[in-house]
Trainee: 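If you scroll down you'll find the structure; I have some questions about it.
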Amino acid sequence: MKMQFIPIDYDYFDFEGRNYAKIIGRDDKGKRICIVDSCPVYLWAILKENLPEEKIDKLIKKIEKIKLDIKGRQTEVERVEMHSRNFLGKPVKALKIFATNYKDLHDVADKLDMPEIEKRRGYDLGYTTHYITEKQLIPLSWYEIEGEIITGDGFGGISNIDADICIKLETIEKIESEKDFTPKVLAFDIETDELKIGEGEILMISLVSDKLRKVITWKKTNKKLEYVEYVKDEAELIERFVEYVKKISPDFLTGYFSDGFDIPYLKARAEKHNIKLNLGLDDSPVKFHRGIFTTAEISGICHIDLLRFIETAYSQYMQSETLSLNEVANEFLNERKKDFEIKHSSKLDGKDWEKYFEYNLQDSILTFNLFEKFWPDLLEFSKIMQEPIFNISRNGMSKNVESYILHNLHKFNEIPEKRPTYDEIGGRRKREKYEGAFVFQPQPGLYEDICIFDFTSSYGSVIVTYNLSKSTLLEKSEKNSYSIEALGKKVYFEKKSGFFPEMLKEIIEKRKKYKQELKQKPDAIKNARSNAFKLLANASYGYQGFFGARYYCEEAAAATAAFARKAIKESIDKINQEGFKVIYSDTDSIAFLMSKKTEEQTFDFLKRLNDELPGIMELELEDFYKRGIWVTKRTGEFGAKKKYALISKGSKIKIRGFETVRRDWCRLARQVQNNVIKMILQEGNEKKALDYIINIVKQIKERKIDKKQMIIRTQLKKPISEYKAISPHVIAARKMQEKKLPIDESLIEYYIAETKGKKKLVREKVKLPDEKGEYNIEYYLNHQILPAVENIFQVFNINLKDIISGKKQTCLNDF
DNA sequence: GAAGTGGATATACC
DNA sequence: ACTGGTATATCCACTTC
């Protein structure tokens, strides 16, 4: 049997003691195909140097005799081969030890505690990763496959699963031409009475696919809605949900926070009713993997929790202040949730229920649309990191960097490094912070004609240029090496390029290439590809300093920061020497005054600068700006770092660090500050802004501002009881707890109210948004509005405090 | 009991 | 525990006089 095939979901199973990959996918006609395949299972034993041959022969014979009988399995060493490989860039002799079952490799490794063996590696990758590496498969690419159809009890009855064809794979070959694939997607969302898992009843479940829009509920209402299906009770609701998933049989089942809420909830309620949540194609129950986050896996159907993916792939560029479905859908789709105030089901009447159904359906529609939106990203991530979408969508960037490395090691003939042990991680976490980026101390003021240069992929290009990695780190000083002062000593790296910098070089090159292609002819795939490489390049520096990394290298991470500091300081000097004036710099960017020079002269100078930069390091022009403002710190007269605002020649405003961009300030303060900054940058003076602020102060004093503008939102980052310092938002959270309001991952909202009696602490004046009370004029003036704008006016030598307190009312007439 | 200071906490920048 | 370090600012908690 021969056909075209695209792999989607990866799993594995044991049959007669051996491991088999079970890959679910589609053929080019949309039929569901299950392929069964196997690959050699082995680990590496790296030998000590200069072992005599007879000793190696003896060792091999000894190893070949290893047999294990554990966990109800019999595993034995089946074959041992001698190979020349690299480990951390050094040539080594290593034994490739083939064994029966991947899951027993750890135990085989334990048996290899022999004096001739230096290190044991390659037993901790996970079967799926091992399989993909071995077969060089790229997930979600089209393949031409050939194999035998499996029927009856072949491989323990695997053909009983809900697939059109099961095949034992014989050959598999990638189809090079680009070929589209449109997955079958089902989005779902549940509504419940309580937020705590399993505590309340599931009231309804919505389901959305390209052809389906449905809400299932057990709630009887007078008006029958077309898209609502009514069932008897909660038990039937869950059963019906399972039936639908089976009937639709999607490639992807997607939810929003469904790993942490919807699926665990369904599971808990199903257990209560003694129903099985057997969603798997093989009728297996949903499997939960407990880690820091629980993940829910369905055999054969790829479950995607979009929240997790959006968090790693996009949150750093997003405008949204939270990752709530509403905000995210608003930002990416320009669509919103339905307005509906959720109440306990006992407090709802007929009309409310209809709205509730609509609300529930809309959530699934948004989730479905978000899936479509992020499908190119999921696809590209999966192809680039070469891991299944299920994992890709849940892994953080450090894991993604590591996946990329592991799947590219074969190009360097490298044996994979092991995961750090628990003790190693503990040791790494205890180490002191190393010195990081350089931040220029700015002089407060309003500046005109500013230019900004940026290092492209700054840290990445430093790692590549100076070959900084675990495998290139030298133990002692060597001639002809790269060296720099870091971690309070001199560190050295060899010049012969290592596999990690080499891989990173390719990542940066690809990023450049795809960015260029994207610019020429934009589309979603190119955007996703370009973004994926950008994220990979950016995360590579952090990876080497991350305690959980296989290729952890403190020296490399510290040296990267050190070389980057050196490079930027040298560039700053050169820019100053050229006759410009540097006014600010942070990590990889430099802002300087044009000092009457033309843009052409600046470009010319940039070219010359770049010619002098080492390796692949490169500065690029970020933009030209009309004006910019830097302010003082609240304490001290120095300029504040990481806080400035710019207006470009095209009148685009860029604000960094100011309260305007901080979500833990009330909306009024943020908006007022934003307006003040805008006026000053646009007009080039403070006059209009001063009039504006005086008017705002008046309005506050006269209580003309809507209380909604005064609400402060702060995230509760741990359980209430764990707080040592009881700050206002903790009090607000306590109040919510008393009122039995849900405290989920979202922000705590409160305002500071007028109170009777002498109350000194801010937290004593905290009220929840719907608590009766009036905003505290003194607080909002002196602790929100004034702090937000006073150091902006200070740039113009205006003391707002005096003006507002009325001390210098007369000076108003001066303007 | 006021004033000063350091710690805890949240959030942003790159 | 799930990339890194640098930085600002608020408000509480505690010390000191």
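In what follows, every chain begins at residue 1, and chains take the letters A, B, ... in the order their sequences are listed. Computed from heavy atoms alone, side chains included, the values below leave out hydrogens, waters and symmetry copies. The structure presented is a predicted model; accordingly, all values stated were derived computationally and were not measured.
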Trainee: Could you verify whether a donor N or O on one side chain and an acceptor N or O on the other, from A:T632 and A:Q794, lie under 3.5 Å apart?
Mentor: yes
Trainee: Give the rounded distance in Å between these two atoms: NE2 of A:H729 and P of B:dA8.
Mentor: 15 Å
Trainee: Out of B:dT9, C:dA9, C:dG4, which nucleotide sits closest to the side chain of A:K724?
Mentor: B:dT9
Trainee: Could you identify which residues of residues 423-431 of chain A place a heavy atom less than 4.0 Å from some atom of DNA chain C, listed by residue number, or say none?
Mentor: A:R429, A:R431
Trainee: Atom CD of A:E790 and atom C1' of C:dT10: how far apart are they, to the nearest Å?
Mentor: 14 Å
Trainee: Run the numbers on A:E387 and A:K399 for salt bridge (Lys or Arg N to Asp or Glu O under 4.0 Å), then give the verdict.
Mentor: CA-CA 11 Å; A:E387 283 282 311; A:K399 199 84 209 254; over 6 Å; no
Trainee: Please classify the nucleic acid contact of A:Q544 as base, sugar-phosphate, or nothing, using heavy-atom distances under 4.0 Å.
Mentor: nothing
Trainee: With respect to the side chain of A:T714, which nucleotide from B:dA10, C:dT3, C:dA13 is positioned closest?
Mentor: B:dA10
Trainee: Students often get this wrong, so: under 4.0 angstrom with heavy atoms, is A:Y459 touching a base, only sugar-phosphate, or nothing?
Mentor: nothing
Trainee: When you measure from the side chain of A:Y723, which nucleotide among B:dC14, B:dA10, C:dG4 comes out closest?
Mentor: B:dA10
Trainee: Report which part of the nucleic acid A:F658 touches: base, sugar-phosphate, or nothing (heavy-atom distance under 4.0 Å, all strands).
Mentor: nothing
Trainee: May I ask you to verify if any side-chain N or O of A:R662 is less than 4.0 angstrom from the OP1 or OP2 atom of C:dT8?
Mentor: no
Trainee: Please work out which of the three classes, parallel, tilted or perpendicular, describes the rings of A:Y317 and A:Y314, given edges at 30° and 60°.
Mentor: perpendicular
Trainee: Is it true that A:D586 and A:K642 have a side-chain N and a carboxylate O under 4.0 angstrom from each other?
Mentor: yes
Trainee: Classify the nucleic acid contact of A:G548 as base, sugar-phosphate or nothing, counting any heavy atom under 4.0 Å across all strands shown.
Mentor: nothing
Trainee: If I take atom CG in residue A:N538 and atom C1' in nucleotide C:dG4, what distance separates them, rounded to the nearest angstrom?
Mentor: 11 Å
Trainee: Assess whether a salt bridge exists between A:R428 and A:E554, defined as any Lys/Arg side-chain N lying under 4.0 Å from an Asp/Glu carboxylate O.
Mentor: no
Trainee: Rounding to a whole Å, what distance do you find between A:F547:CZ and C:dG5:P?
Mentor: 10 Å
Trainee: At under 4.0 Å, does any side-chain N or O of A:K760 touch on OP1 or OP2 of B:dA2?
Mentor: yes
Trainee: Take atom NZ in A:K383; do more than 12 heavy atoms of anything else shown fall under 6.0 Å from it?
Mentor: yes
Trainee: Please determine if A:E321 and A:R670 form a salt bridge, counting it only when a charged side-chain N lies under 4.0 Å from a carboxylate O.
Mentor: yes
Trainee: In terms of ring plane angle, is the pair A:Y543 and A:F500 parallel, tilted or perpendicular, where the classes change at 30° and 60°?
Mentor: parallel
Trainee: Between A:V631 and A:F438, which has a closest nucleotide on DNA chain C that is more 5'?
Mentor: A:F438
Trainee: Measure the distance from CD on A:E435 to P on C:dG5 and round it to the nearest whole Å.
Mentor: 12 Å
Trainee: What distance, rounded to whole Å, do you find between the two P atoms, one in C:dC2 and one in B:dA10?
Mentor: 15 Å
Trainee: Heavy atoms under 4.0 Å, any strand shown: does A:Y779 hit a base, just sugar-phosphate, or nothing?
Mentor: sugar-phosphate
Trainee: Parallel under 30°, tilted from 30 to 60°, perpendicular over 60°: which one fits the rings of A:Y541 and A:Y459?
Mentor: perpendicular
Trainee: Report yes if at least one side-chain N or O of A:R656 is closer than 4.0 Å to OP1 or OP2 of B:dC14; otherwise report no.
Mentor: yes
Trainee: Base, sugar-phosphate, or nothing for A:I726, non-hydrogen atoms under 4.0 angstrom?
Mentor: sugar-phosphate
Trainee: When the distance from CG of A:L747 to C1' of B:dT9 is rounded to whole Å, what number comes out?
Mentor: 15 Å
Trainee: Quick one: is A:Y584 getting a side-chain N or O under 4.0 Å of the B:dC14 phosphate, OP1 or OP2?
Mentor: no
Trainee: Classify A:G436 by what it touches in the nucleic acid, base, sugar-phosphate, or nothing, heavy-atom distance under 4.0 Å.
Mentor: sugar-phosphate
Trainee: Answer with base, sugar-phosphate or nothing: what part of the nucleic acid does A:Y644 contact at a heavy-atom distance below 4.0 Å?
Mentor: sugar-phosphate
Trainee: Is A:Y317 close enough to B:dC13 that one of its side-chain N or O atoms is under 4.0 Å from OP1 or OP2 there?
Mentor: no
Trainee: Using atom NZ of A:K641 as one end and atom P of C:dA9 as the other, report the distance to the nearest whole Å.
Mentor: 13 Å
Trainee: How is A:A557 classified with respect to the nucleic acid when contacts are heavy atoms under 4.0 Å: base, sugar-phosphate, or nothing?
Mentor: nothing
Trainee: Got a sec: does the NZ of A:K430 have more than 12 other heavy atoms crowding it under 6.0 Å?
Mentor: no
Trainee: For A:K717 and B:dA8, is the shortest distance between a side-chain N/O and OP1 or OP2 below 4.0 Å?
Mentor: no
Trainee: State which of B:dC14, C:dA9, C:dA1 makes the closest approach to the side chain of A:R634.
Mentor: C:dA9
Trainee: If you look at every strand shown and take non-hydrogen atoms under 4.0 Å, does A:K433 touch a base, only sugar-phosphate, or nothing?
Mentor: base
Trainee: Taking OP1 and OP2 of C:dT3, is either one under 4.0 Å from a side-chain nitrogen or oxygen of A:S398?
Mentor: yes
Trainee: What is the separation between atom CD1 on A:I752 and atom C1' on C:dC12, rounded to the nearest whole Å?
Mentor: 13 Å
Trainee: Just to confirm, is there a sub-4.0 Å distance from OP1 or OP2 of C:dT8 to any side-chain nitrogen or oxygen of A:K642?
Mentor: no
Trainee: Among the nucleotides B:dC13, B:dA10, C:dG4, which one has an atom lying closest to any side-chain atom of A:D586?
Mentor: B:dC13
Trainee: Which nucleotide in the list C:dT3, C:dA9, C:dA13 gets nearest to the side chain of A:A725?
Mentor: C:dA13
